Amino acid sequence: MKADEIRAMEPAAIMTEVEKLRKELLELRCKVALGEDVRPHRVKEIKKEIARMLTIFGEKQAAEEGVKA
């Protein structure tokens with residue numbers, strides 16, 4: 001998901017998507033530990049996407065606090 005798409009989302013939707021990605025990351029890590037066939041680069045992609053979403057979520061939170069202050 002691109003940054004523009006994430007910025008268009010509501011904060012609650014961002015956190016829901018982050019939780020979904022964290023579950024997927026956990027499942028992938030379990031598969032790797034069990035020796036199942038997985039796409040190794042997908043783990044890196046998910047981690048980057050989670051970081052991107054949390055960064056934009058933080059920006060939105062800071063903007064809301066700036067408006068309230």
Side-chain angles (χ1 to χ4, degrees):
M1 189 176 291
K2 296 191 180 205
D4 293 336
E5 296 171 354
I6 299 169
R7 284 191 176 91
M9 297 170 67
E10 293 293 320
I14 293 173
M15 292 311 291
T16 303
E17 188 68 24
V18 167
E19 290 302 316
K20 183 178 122 186
L21 287 170
R22 284 182 174 163
K23 287 179 185 178
E24 184 179 347
L25 182 60
L26 177 64
E27 290 173 7
L28 282 175
R29 286 180 174 163
C30 290
K31 286 181 180 182
V32 168
L34 293 172
E36 293 183 21
D37 194 25
V38 295
R39 298 183 329 194
H41 67 280
R42 183 65 181 140
V43 173
K44 186 176 179 179
E45 287 175 353
I46 291 173
K47 288 169 65 173
K48 283 187 173 187
E49 193 163 343
I50 289 171
R52 187 179 303 119
M53 288 186 163
L54 290 176
T55 299
I56 292 172
F57 179 78
E59 289 173 358
K60 286 183 176 239
Q61 293 297 319
E64 287 178 8
E65 290 176 6
V67 171
K68 292 179 184 177

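Hydrogens, waters and symmetry mates play no part in the numbers below; they use all other heavy atoms, side chains included. Worth saying up front: this structure is predicted, and the values here are computed from it rather than measured.
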Distance (rounded to the nearest 0.5 Å) between [X] [atom1] and [Y] [atom2]:
X	Y	atom1	atom2	answer
Leu28	Lys23	CG	NZ	14.5 Å
Leu25	Lys20	CG	NZ	13.5 Å
Arg52	Glu49	CZ	CD	6.0 Å
Asp37	Lys31	CG	NZ	9.5 Å

Output side-chain donor-acceptor pairs under 3.5 Å for residues 1-16, partner residues at least two apart or in another chain, one line each.
residue, atom, partner, partner atom, Å
Glu5, OE1, Lys2, N, 3.3
Arg7, NH2, Glu59, OE1, 3.4
Thr16, OG1, Ala12, O, 2.9

* Asked: Can Leu26 be reached from Met53 by stepping across I, L, V, M, F, W or Y side chains whose heavy atoms are under 4.5 Å apart?
  ->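 No, no single cluster joins them.
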
* Asked: Taking only residues two or more places apart in sequence or in another chain, which ones pass side chain to side chain donor-acceptor pair (under 3.5 Å) with Arg29?
  -> none

* Hey, are Glu45 and Arg42 close enough for a salt bridge, meaning a charged N less than 4.0 Å from a carboxylate O? -> yes

